[in-house]
Asks: 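The structure under discussion is supplied below as structure tokens; questions concerning it will follow.
In the text below, chain A, chain B and the rest are named by the order of the sequence lines, each starting its count at 1.
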There are 2 protein chains.
Amino acid sequence: MLEKTTLAAISERTGYSVSTVSRVLSGKAEKYRISQSAVERVTREARRCGYRPNLVAQSLRTRQSQTVGLVVPGIDNPFFATLSSIVIAQLDARGYHTLLADSRESEEEERQALEMFQDRGVDGILAVPVASSPEFHEEVGQNVPLVLIDRYFEKTSLSYVCTDNYAGAYMAARYLVDKGYRRILAIQGVPASMPNRERVRGFLDAIKDRGVESRVVGDAFSVENGSREALAAFAGNPKAYDAVFAFSATILLGTISALRRLGLTEGKDIGVISYDNNGFLDFMNPPVSRVEQPLREAGEIAVDTLFSLMEAHLSGLPRPAPVQQLVMPTLVIRESC
Amino acid sequence: MLEKTTLAAISERTGYSVSTVSRVLSGKAEKYRISQSAVERVTREARRCGYRPNLVAQSLRTRQSQTVGLVVPGIDNPFFATLSSIVIAQLDARGYHTLLADSRESEEEERQALEMFQDRGVDGILAVPVASSPEFHEEVGQNVPLVLIDRYFEKTSLSYVCTDNYAGAYMAARYLVDKGYRRILAIQGVPASMPNRERVRGFLDAIKDRGVESRVVGDAFSVENGSREALAAFAGNPKAYDAVFAFSATILLGTISALRRLGLTEGKDIGVISYDNNGFLDFMNPPVSRVEQPLREAGEIAVDTLFSLMEAHLSGLPRPAPVQQLVMPTLVIRESC
DNA sequence: CAGTTTTGCGCAAACGATTGCGCTGTGTAT
DNA sequence: ATACACAGCGCAATCGTTTGCGCAAAACTG
């Protein structure tokens, strides 16, 4: 390590005041009409000793951190991992860093994360909300730009970017019905979450009045839930249902393992369709039909939205009208149904 | 929002000095012998106006941020997603927050991330390194506690916690050989990365002098690489190899899709084994044999190690001897070979 | 040459917290 | 009465930046 490399140090070594050094090194030289010679002297010294601004001090003074907080319900879930990856890349491209928190589907942890984000002075927040009601998020949204992703609240003034889960589930269910399946089991994720509720609604609407027997079971976006609920629902009778709709790729994995235990092969003995577009769905045997969500698009729109909120916030403008957008998923048919 | 909630504000409203308020609210009341009445008056007011300390100011003053930086080569890779999840949970449990950066396998981005971490005054860094040589990491490690995970450098004074990739690959290859496979194709990941090099070494050592024909191809831990390289290596001849060893689960997916195109079924026409323990491997048809890495264990050890480094760093002690640990993977045999 | 403009730069306050040191006032021992 | 201990608290410096304001010297104007 070299000498301490602060503005003060450079100031001492160049003979210029801290102010001048600061202005030069933050590129405000001509705005403040610093002489060519000063600029040179200072930049040279800065380079020589490898000056790097202390971002903490900078944040304190400017009330900007070049950081956004991202909170997701489970980074180990490939869905959120992909989403995070997209979002982080976007932020990075704009010169922003990411504080990542994992709420583990817990309202309490989510709350703590949001609070921590504020205490750290993040410039904006992206959240996949877990809470059942929007109050807290709205309160936070008052203070710092906030955009919801993937999940949203019924009636809220917050911005959100989600996929149309109603439409996705509707398409999938309608496809099954049209294919002639008549006893359909749906295995859902976290029941209270908005995407899940919408999927249930889409599913039920699609089969309504179509002479289809149906049932919705389950309570988590996890492999275990898929397996457990499938086994319980079939109750040992392989003919109990002729199709299964798994509400996520993780659920699907569990479901398939259960079906195999029952001696059923997807696409042959039973129709199977899933939500999500995890890479492996095409590599299962047989490949699995699914509702693909335009994650990249959603992530990009969310970041765009956040930045426009942040810009307004910076300029002290009133909060712009919320952007509330649903992007459309697509149905991808393979050989499992 | 209520009034501004700073120490100064509370100081004014209670009549006590900022120092006293600070000491009360940071729990140093009896250390500094603050009167019971003052404590009460201050805490009451703090609660009333919902005081939350400004962590940025706190960081600036104390030179501690309660934050560690985590940099991985690709958070969308399930392997790193799982690892991150484990690490983040651990840190969270200890009251630390996580700045996450994605180097996307780029040395340059990794460098930037590490630099940013320092500029932000993180208390420690966990890195899955991408660089081919340790210099930069070692330099960083001089200034802030740093522990490598999953990948390490040949000769370094840095601490690391990795899995024994040599042993893992050796076990897998030896198993294939013992099972009678004689023409084995290995599809590797990023060739320069330490885990990959070790896997290659383990693989080659295991088949040496066993009368086995072999070839190592590929250059990335990706689905495409797996598919492309498998197709190229078989060159249309399904009998070209009788077994394939995929060096990661992502590679495996690509490989399987290629094998299917060649009309081959794993476990029947060809032996297949993979690295990694992604959830889906058990749900493929047939389930895939693999080398499972004790990720949770590795993550926990890494965090433990980091904290002991951090503790020493705090107390101004000399850097403790590096902890350099390999944890042992396990061979899980299913029906693919 | 006096007056005005421009150029180039520094002073000092601020951001919000932490902390070493010292000050005052009361109680106790001598 | 003098000394001393200690309880209870505040002063002010500090962390490293940023920035409004103003000042002096140089340059220009008429």
Asks: Please walk me through it: do A/E40 and A/R47 pass salt bridge (Lys or Arg N to Asp or Glu O under 4.0 Å)?
Replies: CA-CA 10 Å; A/E40 248 171 49; A/R47 201 172 16 246; over 6 Å; no
Asks: Under the salt bridge (charged side-chain N to carboxylate O under 4.0 Å, His left out) rule, collect the residues that match up with A/R63, sequence neighbours excluded.
Replies: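 By the salt bridge (charged side-chain N to carboxylate O under 4.0 Å, His left out) rule, A/R63 matches no residue at all.
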Asks: Classify every nucleotide of nucleotides 9-18 of chain D by which part a protein heavy atom approaches to under 4.0 Å, writing B for the base, S for the sugar-phosphate alone and - for neither, in 5'-to-3' order.
Replies: BBBBBBBBBB
Asks: Of all residues at least two apart in sequence or in a different chain, which pass the side-chain contact (heavy atoms from CB on, under 4.5 Å) check with A/Q112?
Replies: A/E108
Asks: Among all residues two or more places apart in sequence or in another chain, which pass the side-chain contact (heavy atoms from CB on, under 4.5 Å) test with B/Q64?
Replies: B/T62, B/D123, B/L314
Asks: Please report, to 0.1 Å, the donor-acceptor pairs under 3.5 Å made by any side chain of residues 115-122 of chain B, with sequence neighbours excluded.
Replies:
unit_1	atom_1	unit_2	atom_2	d
B/Q118	OE1	B/N143	ND2	2.9
B/D119	OD1	A/R52	NH1	3.4
B/D119	OD2	A/R52	NH1	2.4
B/R120	NH1	A/S65	O	3.2
B/R120	NH1	A/T67	OG1	2.7
B/R120	NH2	A/T67	OG1	2.8

Asks: Note down the inter-axis angle between the two ends of the helix from C/dC1-D/dG30 to C/dT30-D/dA1, five pairs each, to the nearest 10°.
Replies: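 Axis angle across the helix from C/dC1-D/dG30 to C/dT30-D/dA1, nearest 10°: 60°.
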Asks: For A/E154, enumerate each residue passing the salt bridge (charged side-chain N to carboxylate O under 4.0 Å, His left out) test, keeping only those at least two apart in sequence or located in another chain.
Replies: A/R197
Asks: With sequence neighbours left out, what residues match B/R44 under salt bridge (charged side-chain N to carboxylate O under 4.0 Å, His left out)?
Replies: none
Asks: Need two values: the first and the last nucleotide of DNA chain C, 5' to 3', having an atom under 4.0 Å from any heavy-atom of chain A.
Replies: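 With heavy atoms of chain A under 4.0 Å away, the range is C/dT7 to C/dG16.
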Asks: What residues form a side-chain contact (heavy atoms from CB on, under 4.5 Å) with A/T82, not counting sequence neighbours?
Replies: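 A/T82 satisfies side-chain contact (heavy atoms from CB on, under 4.5 Å) with A/I86, A/L295 only.
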Asks: Quick one: ring pair (Phe, Tyr, Trp, His ring centres under 6.0 Å) partners of A/F153, sequence neighbours excluded?
Replies: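 Once residues adjacent in sequence are excluded, the partners of A/F153 under the ring pair (Phe, Tyr, Trp, His ring centres under 6.0 Å) criterion are A/H137.
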Asks: Taking only residues two or more places apart in sequence or in another chain, which ones pass side-chain contact (heavy atoms from CB on, under 4.5 Å) with B/A89?
Replies: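 So B/A89 forms a side-chain contact (heavy atoms from CB on, under 4.5 Å) with A/R104.
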